[in-house]
Amino acid sequence: MPKIVSHTICKNSQPFIGAVLRAALPLVDRMFITISVKSNDGTRQVIESLQDPKIELYEEEVSDLGQLTPERQKQVDKTDPGDIIWFLD
């Protein structure tokens, strides 16, 4: 049976990222989250506070929209073939 894997790329998402992830966690098997190293509002701390083993958190340099495609591809490459991808952006 395929797994449901969510993909999220975020920067300075502290006001809402916790609520979004808490709502999605019961519905997914894995969660790939890429946060920009330039995020400076506590987004990383909110994500880490969830302490869920489903979450795989990565930090990358994402400073403009042109970098979103390569980062998204990295997430897709980590997803097993046949799994369902849910984009949470």
Handout entry: Ser36 and Glu60 side chains, donor-acceptor separation under 3.5 Å
Key = no
Problem - Heavy-atom side-chain proximity of Cys10 to Thr43 below 4.5 angstrom - result: yes
Practice task
Look up atom CD1 in Ile47 and atom OG in Ser39, then write down how far apart they are to the nearest 0.5 Å.
Solution key: 7.5 Å
Handout entry: Rounded distance [0.5 Å steps], CD in Gln45 versus CG in Leu50
Key = 12.0 Å
Handout entry: Residues Thr79 and His7: side-chain donor-acceptor under 3.5 angstrom
Key = yes
Practice task
Measure the OG1-CD1 distance between Thr69 and Ile9 for me, rounded to the nearest 0.5 Å.
Solution key: 8.5 Å
Exercise for the section: Check whether more than 12 heavy atoms from other residues, nucleotides or ligands sit under 6.0 Å from atom NZ of Lys38, and answer yes or no. Expected result: no
Practice task
Spell out, yes or no, whether Val5 and Trp86 are grouped together once hydrophobic residues are joined by side-chain heavy atoms under 4.5 Å, including indirect joins.
Solution key: no
Run the side-chain donor-acceptor check on residues 16-33: report pairs under 3.5 Å with partners two or more places apart or on a different chain.
| from | atom 1 | to | atom 2 | distance (Å) |
| --- | --- | --- | --- | --- |
| Asp29 | OD2 | Ile4 | N | 2.8 |
| Arg30 | NE | Glu56 | OE2 | 3.3 |
| Arg30 | NH2 | Glu56 | OE2 | 2.9 |

Handout entry: Smallest separation among heavy atoms of Pro2 and Gly82, with atom names
Key = CB-O, 3.1 Å
Exercise for the section: Would you give the length of the straight line joining atom NZ of Lys11 to atom CG of Asn40, rounded to the nearest 0.5 angstrom? Expected result: 7.5 Å
Completion exercise
Heavy-atom nearest pair, Pro15 first then Asp41, reads CD-OD2, 3.9 Å
Exercise for the section: Please step through side chain to side chain contact (heavy atoms under 4.5 Å, CB included) for the pair Glu48 and Leu57, ending with a clear verdict. Expected result: CA-CA 8 Å; Glu48 289 175 338; Leu57 181 60; 4.0 Å; yes
Completion exercise
For Lys3, the salt bridge (charged side-chain N to carboxylate O under 4.0 Å, His left out) test, sequence neighbours excluded, returns none
Fill in the blank from the handout: Rounding to 0.5 Å, atoms CD (Glu61) and CD (Glu71) come to a distance of 9.5 Å
Practice task
Supply the atom-to-atom distance Ile85 CD1 to Phe87 CZ, rounded to the nearest 0.5 angstrom.
Solution key: 5.0 Å
Exercise for the section: Any pair with a residue in residues 41-82 that passes ring pair (Phe, Tyr, Trp, His ring centres under 6.0 Å), sequence neighbours left out, goes on the list, sorted by first then second residue, please. Expected result: none
